[in-house]
Amino acid sequence: IPWIADIERKMSQDGLYEQFKETFKGISGNNWEDSREDFYYEEDAIIKALCQTTKMSEEAARHWFELAEQEYSISIEKFAKRVSEYIEEKRKQPDTKDHHVVFLVDEVGQYIGDNSQSMLNLQTIVHQLGIYCSGKAWIAVTSQEDIDSVLSVKGNDFSKIQGRFDTKLSLSSAYVDEVIKKRILIKNEAGTDTLKEVYRQKSSILKNLFLFSQDSAEMKTFASEEDFVDIYPFVPYQFNLLQKVFTGVRIHGASGKSLSEGERSLLSAFKESAMRFAQHEEGTLVPFSAFYETIEAFLDSSIRTVIIHAKKNSRLKEQDIEVLKLLFLIKYVKEVPSNLDNLATLMIDHIDVDKLNLKKEMEASLIRLAKETLIQKNGNEYVFLTNDEQDVNREIKNMHVDTAEVIQKIGEEIFGGIYSDKRFRYSTRYHFNFNTIIDDRPIGIQTHDIGLKVITPYFEAEEELSSSALKMMSMRENNVIFKLPADTSYLDEMEQILKIQAYLKVKSGAAVSQAIEDIKVRKAREVTERKERVTTYLTEALKTAEIYANSQQLDVKEKNPVERMNEALAALIDNLYNKLHYIKEFVDTTKQLQDLLQEQTTQLTLTDDDEPNKWAIQEVNSYIERLTTRKQQLTMKGLTTYFAKQPYGWNELDTTAFIIKLFKGQEIKLELNQSVLNPSDREILNYLTKRDYVDRVVVKKREKIAQNLIKMTKDLIKDMFGIT
């Protein structure tokens, strides 16, 4: 019972716990440890004991008792602090100076399951215990060997929590790495001494040499001098990674002959690679690409043919072939994204390698390989292509896609995905429809007074757009304009998506081999990945886009695109609908209009300060007077439509309410079929609001007798007849 444990902890800290237990036993007659489970039955005894032991009053103790259970909570950070405090307290005692706390969690995979929140909680607990306990609190978890496949959470997300558990004790394949160290890599005395000296001189370099991108799974490096001596010339991550390579190659059918699972293949691969590098100088490391030679004999001819043809290609260098081998090895390993950083790390062949130079060389190799259609760039990653995949990619490359279609799809992604609102909520009262445009292409119906326009680098290529030109455009078109940065990543990705889709459409229903069918499935999956990247790239572009409205560049800080668009639209509306704020009191229902018609009112005065909407009513009155003077016919529909537009933007019910007030105040007259309407007419509300009538009800300014004449007449009647 956590809240009871908490009060015990507090009393223990204050040195009152033993006294409380004795006091409680004296009052209740029972031991505290036996009674605390049934705290509801011991309420009075607990409160009395608390009052006598602590400084709490009876009222405070009772208040705690009633509220503690409902209000008690503990955060992960607070929990970690408590553990730390407990350990430090223990360490002050002479017999427990080296006190540690160990938390044991069995079957962590079942705990996480498909719940990302559970994983996040565990990750946070590990992190916080690390911060506050500095290694004095340990967490040990057990899980299935293939926990990645057991869990439903994303692999990238799971790699984050794996990073929290630095020490891993694998119980699979009879500790195959231990077997390799003892059977293949054991060093003689001279070798051990030499390598120890190498490690002492190069340990700081080694620490920074094997850096993988953040979205990679855990990749072990040398932990100590002993570790370096045991594993050299290999790197610790290679044991686990090579096992994953074998699994991927076997599952995806790239091995024509049996590539055995587990330790035998690994023993063979490490033995052969060690023999190949046996004569190299100390400091040499085995690059991951070297393992290709050890499994080449097992591979399907379609893979070997690609490598053999590449070796014969005069436009490729020897380094390019090694990169190609590496890309094949990690083709089916999802834990290591094949981006430039990771590829360069995997290709390190010496402790003193210049990694920056290596990356430049590899980038050049990747460009050459892509030109020969041996690999494909997918986002930031590079993918090895089999013979069949090369053929498919060439066909996709030759598919024609119109630039206008690319722009259209980008527009649909922005206005159908990133900013999908069809109406802008300016306030709870006012929602504005707006046009959506990308470059010069409308997306959806374009019948509204304002718009949101996005300009891509493709549009700028056709037409040079300066800041002043964009300011003029925003004023001329009554649009908010988002000018995207020059980076075309999202356009390139969308073009590739459309090419792949065009290819899949052409090939749908066609009789093709199983290999091509599998490639089509992978291409469909690639489309999904590319769409996600388009959304990511576009979101980033919209965050930093220049924004123009009301003939000026708006200063809207970088943030979520939806918030930026909303802020820009609000600025546009503030400027264009500058009489929107004339209305202070609103009408929500036709029932309120009915009440307004039935209200007993005195003569309306347009300058009356008691009328909250006097400015709005004056605007309506002036407009009716203006059109009546010009002999222009004005209908109810025409009035509500006029005041729904700039610079007003008023709702129809509000405008109708103003007309009713003017009508009842005898400022205007209403006619239907050339008959003058009377405020007492039972159908008057239908005439003013129903679709069948609003186009036929004519609104005119009433010709009024001057107020001074009316006053004179009133005074005369009062004097002559004594009545008003």
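As the structure is a prediction and not an experimental result, all values here were calculated from the model.
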Enclosure of [X] [atom1] (heavy-atom neighbours >12, cutoff 6.0 Å):
{"X": "K557", "atom1": "NZ", "result": "no"}
{"X": "H431", "atom1": "NE2", "result": "yes"}
{"X": "N380", "atom1": "CG", "result": "no"}
{"X": "E58", "atom1": "CD", "result": "no"}
{"X": "R691", "atom1": "CZ", "result": "no"}
{"X": "I445", "atom1": "CD1", "result": "no"}
{"X": "K523", "atom1": "NZ", "result": "yes"}

Roughly how far, to the nearest 0.5 Å, is [atom2] of [Y] from [atom1] of [X]?
{"X": "L653", "Y": "T590", "atom1": "CG", "atom2": "OG1", "answer": "7.0 Å"}
{"X": "Y577", "Y": "K645", "atom1": "OH", "atom2": "NZ", "answer": "8.0 Å"}
{"X": "Q632", "Y": "L627", "atom1": "CD", "atom2": "CG", "answer": "4.5 Å"}
{"X": "I500", "Y": "E526", "atom1": "CD1", "atom2": "CD", "answer": "4.0 Å"}
{"X": "L572", "Y": "L554", "atom1": "CG", "atom2": "CG", "answer": "9.0 Å"}
{"X": "K78", "Y": "S73", "atom1": "NZ", "atom2": "OG", "answer": "5.5 Å"}

State, with a plain yes or no, whether a side-chain heavy atom of [X] is found less than 4.5 Å away from one of [Y].
{"X": "T656", "Y": "T640", "result": "yes"}
{"X": "L491", "Y": "I407", "result": "yes"}
{"X": "I396", "Y": "Q496", "result": "yes"}
{"X": "Y419", "Y": "L452", "result": "yes"}
{"X": "N621", "Y": "Q618", "result": "no"}
{"X": "Y582", "Y": "W650", "result": "yes"}
{"X": "I437", "Y": "E477", "result": "no"}
{"X": "N478", "Y": "L576", "result": "yes"}

Could you go through L639 and I659, starting from their C-alpha distance and side-chain angles, then the distance that decides it, and tell me whether this counts as side-chain contact (heavy atoms from CB on, under 4.5 Å)? CA-CA 9 Å; L639 257 173; I659 292 165; 3.4 Å; yes
Please find the pair of heavy atoms, one from [X] and one from [Y], that lie closest to each other, and give the distance.
{"X": "M56", "Y": "A61", "value": "CE-CA, 3.6 Å"}
{"X": "I418", "Y": "P561", "value": "CG2-CB, 4.1 Å"}
{"X": "S467", "Y": "Q553", "value": "OG-OE1, 3.8 Å"}
{"X": "I547", "Y": "A568", "value": "CG2-CB, 3.8 Å"}
{"X": "P337", "Y": "E381", "value": "CB-OE2, 3.5 Å"}
{"X": "I481", "Y": "L470", "value": "CD1-O, 3.9 Å"}

ring-ring contact (aromatic ring centres under 6.0 Å, His included) partners of residues 668-696, not counting sequence neighbours, each pair once: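 Matches after skipping sequence neighbours: Y687-Y693.
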I573 and F424: CA distance, side-chain angles, deciding distance, side-chain contact (heavy atoms from CB on, under 4.5 Å) verdict: CA-CA 10 Å; I573 286 163; F424 169 59; 3.4 Å; yes
Look at the aromatic rings of Y426 and H581 and report parallel, tilted or perpendicular, splitting at 30° and 60°.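 Tilted, since the angle between the ring planes falls between 30° and 60°.
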Which residue pairs pass the salt bridge (charged side-chain N to carboxylate O under 4.0 Å, His left out) test with at least one member in [range], sequence neighbours excluded?
{"range": "residues 535-544", "result": "E540-K543"}
{"range": "residues 619-629", "result": "K579-E619"}
{"range": "residues 412-430", "result": "K409-E412, R429-D588, R429-D654"}
{"range": "residues 627-637", "result": "none"}

Is there a donor-acceptor pair under 3.5 Å between the side chain of [X] and the backbone N or O of [Y]?
{"X": "N550", "Y": "A571", "answer": "yes"}
{"X": "N673", "Y": "S675", "answer": "no"}
{"X": "N435", "Y": "D449", "answer": "no"}
{"X": "K471", "Y": "Y548", "answer": "no"}
{"X": "N613", "Y": "I583", "answer": "no"}
{"X": "Q446", "Y": "I443", "answer": "yes"}
{"X": "S474", "Y": "S551", "answer": "yes"}
{"X": "R62", "Y": "I47", "answer": "no"}

Would you check if there is a donor-acceptor pair between the side chains of D439 and T456 at a distance under 3.5 Å?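 Their side chains do contain a donor-acceptor pair, which is all the 3.5 Å distance test asks for.
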Cut-off 3.5 Å, side chains only: do K499 and N398 have a donor facing an acceptor?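 Result is no, nothing qualifies.
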For this output row, return yes or no: ring centroids of F643 and Y623 closer than 6.0 angstrom.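 Yes.
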Does N651 form a side-chain contact (heavy atoms from CB on, under 4.5 Å) with F586? I'd like the steps, not just the answer. CA-CA 9 Å; N651 292 334; F586 304 97; 5.8 Å; no
Could you walk me through whether M565 and V480 pass the side-chain contact (heavy atoms from CB on, under 4.5 Å) test, one step at a time? CA-CA 8 Å; M565 288 175 168; V480 168; over 6 Å; no
Please assess R564 against E567 for the test salt bridge (charged side-chain N to carboxylate O under 4.0 Å, His left out), listing each intermediate value before the final yes or no. CA-CA 5 Å; R564 293 192 93 209; E567 195 173 321; over 6 Å; no
Under the salt bridge (Lys or Arg N to Asp or Glu O under 4.0 Å) test, which residues partner D6, sequence neighbours left out?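 Only R9, K10, R82 meet the salt bridge (Lys or Arg N to Asp or Glu O under 4.0 Å) criterion with D6.
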Candidates N678, L670, V699 - the one meeting side-chain contact (heavy atoms from CB on, under 4.5 Å) with F663: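 Among the candidates, only L670 passes.
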